[in-house]
Amino acid sequence: MRILSNEVKDHVGQEVHIEGWLHKKRLLGGLTFINVRDRRGLTQVVLQDKDEVEKLRGLQIGTVLAVDGVAHEEPRAPGGAELKDAKLTVLVPVEAEPPIEIDKPIQHKADNLDTLFEYRVLNIRNLQEQKIFKIRGSLTRAIREFLDQHEFVEIDTPKFLAEPTEGGAEVFKLDYFGKTATLAQSPQFFKQIMVGAYERVYEIGHSYRAEPSATSRHLTELTMLDIEMGFVTSHDEVMDMVGDMTQYALRQVYEKHADDLKSLNAPELKLPEDGKVPRFTVAQIHEMYSKANGQDTTKEKDLIPDEERWICDYARKELGSDLVYATEFPIEAAKFYHKVDAEKGVTMWSDLLFRGLEIATVPLRENNYEKMIEQMTKAGLDVSHEGFKHYLQAFKYGLPQHGGCGFGIDRLVEKTIGLGNVKEATLFPRDINRLAP
RNA sequence: GGGCUCGUAGUGAAGAGGCCUAUCACGCCUCCCUGUCACGGAGGAGAUCGCCGGUUCGAAUCCGGUCGGGCCCGCCA
């Protein structure tokens, strides 16, 4: 029966059977060490029999092996145990030399990202590279845990849509049996509709943006966490929920993957002591940034990327928080479904920033049917259009006040680990130039 | 859409008019090596310097074009 790499130490003195990939050979003459990789990690196998070593001649890293040997306690071996007197069985011989090395840290330099993704199939076998996606899995699991605890229902909504109706971003169009379909830029309409059923819903799914943005923070296919929560009494309540969730997920992952994050050189996690993510209005940030940097940004409707980096720096140094909210975005920057604070003349929409980057937009929605029609008409949209019909039904037949967020999972993973490009946090990234692998 | 950059063995880099018959590291091949873990040692193979054209006695190096990357801005998650 097959045992796994981390179980070898529990079978000292016994004959055991392991299977995995040849990960490394070290030939010292009369003594040969090989590392066998399985899903738990590496097992060191010691070979002294020349005939056994000969079985590996001409075979490359990646060869699939079975090894029968006796487990020994050995302080000199990684993990404190190893296999001796081993017999090898080659299950899948690999003679082709891998185009990249997988037993050493993989280059993540911006100039070489193309090579990283060109050989993704192989470099994902690198133990260091694997940590990134284990951490990614843990982050989304922690988010699901939090949302489940707070009575959110997980939903799945279609990605083929009839029309590009939401606005704000370029959409992909494709032939759908003679009609034109678009790929969803977000589950926006569906999650709001579902508030009418469950009050609280979320989806972790893919969204598609056809924007020709070749930057370190854009993908054409991205993973978004979309949350919507009904019967909220204030914008603050939504911000608190999203802030709590993010802190929960980060704490969980920093605890569970402490060693992995350290070996990946992730920054130390700084979260506010009182658990409340600090808030600044967009106008405040413009003012603070302009004063500190001598560049006048007070006329900008949105934050410029450098302001996002600056306010995050400020929050980390002065307030001990890697997370910070930019609130009260101006009405000119808003979408038709955002709720407007008429008294202040701003929207009830904020962005959650994390280590210099916008990772979520957190707005309160307009939920009044007549006001929606009014705001849509003002935005130049045809409210009688087929694409809006079912969305507006939800409002016509009763939606409570609600709010939520669109949260970029790829960006969250990138910044959690301290990577330089959102694509490094994505297994098989899709961008303006890349469709494969 | 605009701007700025970079293309040299399988991988990562050095070379910035002649010292280049192109250097180094890792990987690969052969041999030596009984405690390696980025093993070590000796030797070897592997590159028409992205492509096309130009300038020059001479181009990896300078110029133009082209193709392919990257970064920033706009926009967004």
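Just so it is clear: chains get the letters A, B, ... in the order the sequence lines come, proteins before strands, and each one is counted from 1.
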Undergrad: Find every protein N or O atom lying less than 3.5 Å from an N or O atom of nucleotides 39-44 of chain B, and list the pairs.
TA:
| from | atom 1 | to | atom 2 | distance (Å) |
| --- | --- | --- | --- | --- |
| B:C39 | OP1 | A:K24 | NZ | 2.9 |
| B:C39 | OP2 | A:R26 | NE | 2.8 |
| B:C39 | OP2 | A:R26 | NH2 | 2.3 |
| B:C39 | O5' | A:R26 | NE | 3.3 |
| B:C39 | N4 | A:L27 | O | 2.5 |

Undergrad: Does A:E82 contact B:G35 through a side-chain donor or acceptor facing the base, at a distance under 3.5 Å?
TA: yes
Undergrad: Does OP1 or OP2 of B:G68 have a side-chain N or O of A:R434 closer than 4.0 Å?
TA: no
Undergrad: Below 4.0 angstrom, which residues in residues 50-62 of chain A have at least one non-hydrogen atom near RNA chain B?
TA: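 The answer is A:R57, A:Q60.
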Undergrad: Please check if the number of heavy atoms outside A:E287 that lie under 6.0 Å from its CD is greater than 12.
TA: no
Undergrad: Under 4.0 Å between a side-chain nitrogen and a carboxylate oxygen: does that hold for A:E54 and A:R57?
TA: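 Salt bridge flag = yes for A:R57 with A:E54.
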Undergrad: In residues 21-36 of chain A, what donor-acceptor pairs under 3.5 Å come from side-chain atoms, sequence neighbours left out?
TA:
| from | atom 1 | to | atom 2 | distance (Å) |
| --- | --- | --- | --- | --- |
| A:K24 | NZ | A:D103 | OD2 | 3.0 |
| A:K25 | NZ | A:L56 | O | 3.3 |
| A:K25 | NZ | A:L59 | O | 3.0 |

Undergrad: I'd like the P distance from B:U36 over to B:C19, given in whole Å.
TA: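 Looking at atom P only, B:C19 and B:U36 are 45 Å apart.
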Undergrad: For A:D260, enumerate each residue passing the salt bridge (charged side-chain N to carboxylate O under 4.0 Å, His left out) test, keeping only those at least two apart in sequence or located in another chain.
TA: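 Residues passing salt bridge (charged side-chain N to carboxylate O under 4.0 Å, His left out) with A:D260: none at all.
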Undergrad: Salt bridge (charged side-chain N to carboxylate O under 4.0 Å, His left out) with A:E118: which residues, sequence neighbours excluded?
TA: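 So A:E118 forms a salt bridge (charged side-chain N to carboxylate O under 4.0 Å, His left out) with A:R434.
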Undergrad: Parallel, tilted or perpendicular: which one describes the rings of A:H150 and A:F146, with boundaries at 30° and 60°?
TA: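 Rings of A:H150 and A:F146: parallel, under 30°.
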Undergrad: Using purine N1 to pyrimidine N3 plus N6-O4 or O6-N4 for Watson-Crick, or N1-O2 and O6-N3 for G-U wobble, each under 3.5 Å, what pairs with B:G7?
TA: B:C67
Undergrad: Salt bridge or not for A:D306 and A:R309, using N-O below 4.0 Å?
TA: yes
Undergrad: In whole angstrom, give me the gap between the C1' atoms of B:G64 and B:U56.
TA: 16 Å
Undergrad: Counting only Watson-Crick pairs (N1-N3 plus N6-O4 or O6-N4) and G-U wobbles (N1-O2, O6-N3), all under 3.5 Å, who is the partner of B:U55?
TA: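 Pair assignment: B:U55 / none.
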Undergrad: Identify, with sequence neighbours excluded, every residue that meets salt bridge (charged side-chain N to carboxylate O under 4.0 Å, His left out) alongside A:D68.
TA: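 Result, salt bridge (charged side-chain N to carboxylate O under 4.0 Å, His left out) vs A:D68: none returned.
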Undergrad: Heavy atoms within less than 4.0 Å of RNA chain B: which residues of residues 347-365 of chain A have one? Give them sorted by number.
TA: A:E358, A:I359, A:A360, A:T361
Undergrad: Report the base-pairing partner of B:C33 (Watson-Crick or G-U wobble, both distances below 3.5 angstrom), or none.
TA: none
Undergrad: Only pairs with both distances under 3.5 Å count, Watson-Crick or wobble alike; so what is the partner of B:U48 in this structure?
TA: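 With both distances under 3.5 Å required, B:U48 matches none.
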Undergrad: Across nucleotides 1-13 of chain B, 5' to 3', mark each nucleotide with B, S or - according to how protein heavy atoms within less than 4.0 Å reach it.
TA: B--------SSSS
Undergrad: Could you walk me through whether A:H286 and A:E300 satisfy the side chain to side chain donor-acceptor pair (under 3.5 Å) test, starting with their C-alpha distance in whole Å, then the side-chain angles of each, then the deciding distance to 0.1 Å, before giving a yes or no?
TA: CA-CA 8 Å; A:H286 283 327; A:E300 299 279 342; over 6 Å; no
Undergrad: Would you mind reading off the distance between A:F117 atom CZ and B:G70 atom P, rounded to a whole angstrom?
TA: 9 Å
Undergrad: Calculate, to the nearest 0.5 Å, the distance between atoms OH and CE belonging to A:Y248 and A:M245 respectively.
TA: 12.0 Å
Undergrad: When only distance counts, do a donor and an acceptor, one from the side chain of A:R217 and one from the base of B:A77, lie under 3.5 Å apart?
TA: no
Undergrad: Give the rounded distance in Å between these two atoms: CG of A:L22 and C1' of B:G27.
TA: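 So the two atoms are 14 Å apart, to the nearest Å.
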Undergrad: Assign A:F33 to base, sugar-phosphate, or nothing according to its heavy-atom contacts below 4.0 angstrom with the strands shown.
TA: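 Answer is base: heavy atoms of A:F33 come under 4.0 Å of a base.
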Undergrad: Using OP1 and OP2 only, check whether a side-chain N or O of A:S216 sits under 4.0 Å from B:C72.
TA: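 Checking B:C72 against A:S216, a side-chain N or O does come within under 4.0 Å of OP1 or OP2.
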Undergrad: B:U23 and B:U48: how far apart are their P atoms, nearest whole angstrom?
TA: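 After rounding to an integer number of Å, I get 14 Å for this pair.
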Undergrad: Is there a side-chain contact between A:C312 and A:F354, using heavy atoms and a 4.5 Å cut-off?
TA: no
Undergrad: Report the C-alpha separation of A:D296 and A:T298 in whole Å, then their side-chain angles, then the decisive distance to 0.1 Å, and conclude whether the side chain to side chain donor-acceptor pair (under 3.5 Å) test is met.
TA: CA-CA 6 Å; A:D296 185 19; A:T298 52; 2.6 Å; yes
Undergrad: Got a list of protein N/O to nucleotides 46-51 of chain B N/O distances below 3.5 Å?
TA:
none

Undergrad: Answer yes when A:E228 and A:R365 have at least one side-chain N-carboxylate O distance shorter than 4.0 Å, and no when they do not.
TA: yes
Undergrad: Near RNA chain B, counting only heavy atoms under 4.0 Å, which residues of residues 302-314 of chain A show up?
TA: A:D302, A:I304, A:P305, A:R309
Undergrad: Once you round it to whole Å, what is the distance between P of B:G69 and CG of A:L116?
TA: 15 Å
Undergrad: Taking only side-chain nitrogens and oxygens of A:N35, does any of them come within less than 4.0 Å of OP1 or OP2 of B:U36?
TA: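 So the side chain of A:N35 is outside the cut-off, no N or O lying under 4.0 Å from OP1 or OP2 of B:U36.
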Undergrad: What about A:R411, does its side chain sit under 3.5 Å from the base of B:C76 through a donor-acceptor pair?
TA: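 Result: at least one qualifying N/O pair found.
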Undergrad: May I ask you to check whether over 12 heavy atoms, not counting those of A:Y198, lie within 6.0 Å of atom OH?
TA: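 No, not enclosed.
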Undergrad: Under a 3.5 Å cut-off for both contacts, is B:C19 paired Watson-Crick or G-U wobble with anything, and if yes, with which nucleotide?
TA: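 Its partner is none (no Watson-Crick or G-U wobble pair with both distances under 3.5 Å).
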Undergrad: On a whole-Å scale, what distance lies between the P atoms belonging to B:C52 and B:A9?
TA: 15 Å
Undergrad: Could you tell me how far B:A25 sits from B:G17 if I compare only their P atoms? Round to whole Å.
TA: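 Between the two P atoms, the distance is 26 Å.
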Undergrad: Could you tell me whether A:L412 contacts a base, only the sugar-phosphate backbone, or nothing, with contacts defined as non-hydrogen atoms closer than 4.0 Å?
TA: nothing
Undergrad: Below 4.0 angstrom, N of the basic side chain to O of the carboxylate: do A:K159 and A:E203 qualify?
TA: yes
Undergrad: Applying the side-chain hydrogen bond (donor to acceptor under 3.5 Å, both in side chains) criterion to A:E328, which one of A:R279, A:Q284, A:K344 satisfies it?
TA: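 Looking at A:R279, A:Q284, A:K344, the match for A:E328 under the side-chain hydrogen bond (donor to acceptor under 3.5 Å, both in side chains) is A:K344.
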Undergrad: For nucleotides B:A22 and B:A47, find the distance between their P atoms and express it as a whole number of Å.
TA: 11 Å
Undergrad: Write down the distance separating the C1' atoms in B:A60 and B:C6, rounded off to the nearest Å.
TA: 15 Å
Undergrad: With sequence neighbours excluded, tell me which residues meet salt bridge (charged side-chain N to carboxylate O under 4.0 Å, His left out) with A:R120.
TA: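 With sequence neighbours excluded, A:R120 shows a salt bridge (charged side-chain N to carboxylate O under 4.0 Å, His left out) to A:E129, given in chain and number order.
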Undergrad: Check A:I417, A:T416, A:D410 against A:V413 for a side chain to side chain contact (heavy atoms under 4.5 Å, CB included) and give me the one that passes.
TA: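 Answer after filtering A:I417, A:T416, A:D410: A:I417.
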Undergrad: Does A:D322 pair with A:K270 as a salt bridge, N-O distance under 4.0 Å?
TA: no
Undergrad: Surrounding CD of A:E73 (heavy atoms of other residues, nucleotides or ligands, distance under 6.0 Å), is the total greater than 12?
TA: no
Undergrad: Considering only residues two or more places apart or on different chains, which pairs with a residue in residues 79-100 of chain A satisfy side-chain hydrogen bond (donor to acceptor under 3.5 Å, both in side chains)?
TA: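 Qualifying pairs, neighbours excluded: A:Q44-A:E82.
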Undergrad: Given that both distances must come in under 3.5 Å, which nucleotide forms a Watson-Crick or G-U wobble pair with B:G12?
TA: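 B:G12 is paired with B:C24.
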Undergrad: Using atom CD of A:E300 as one end and atom C1' of B:C73 as the other, report the distance to the nearest whole Å.
TA: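 About 11 Å, once rounded to whole Å.
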Undergrad: Can you tell me, in whole Å, how much space there is between the C1' of B:A59 and that of B:C51?
TA: 16 Å
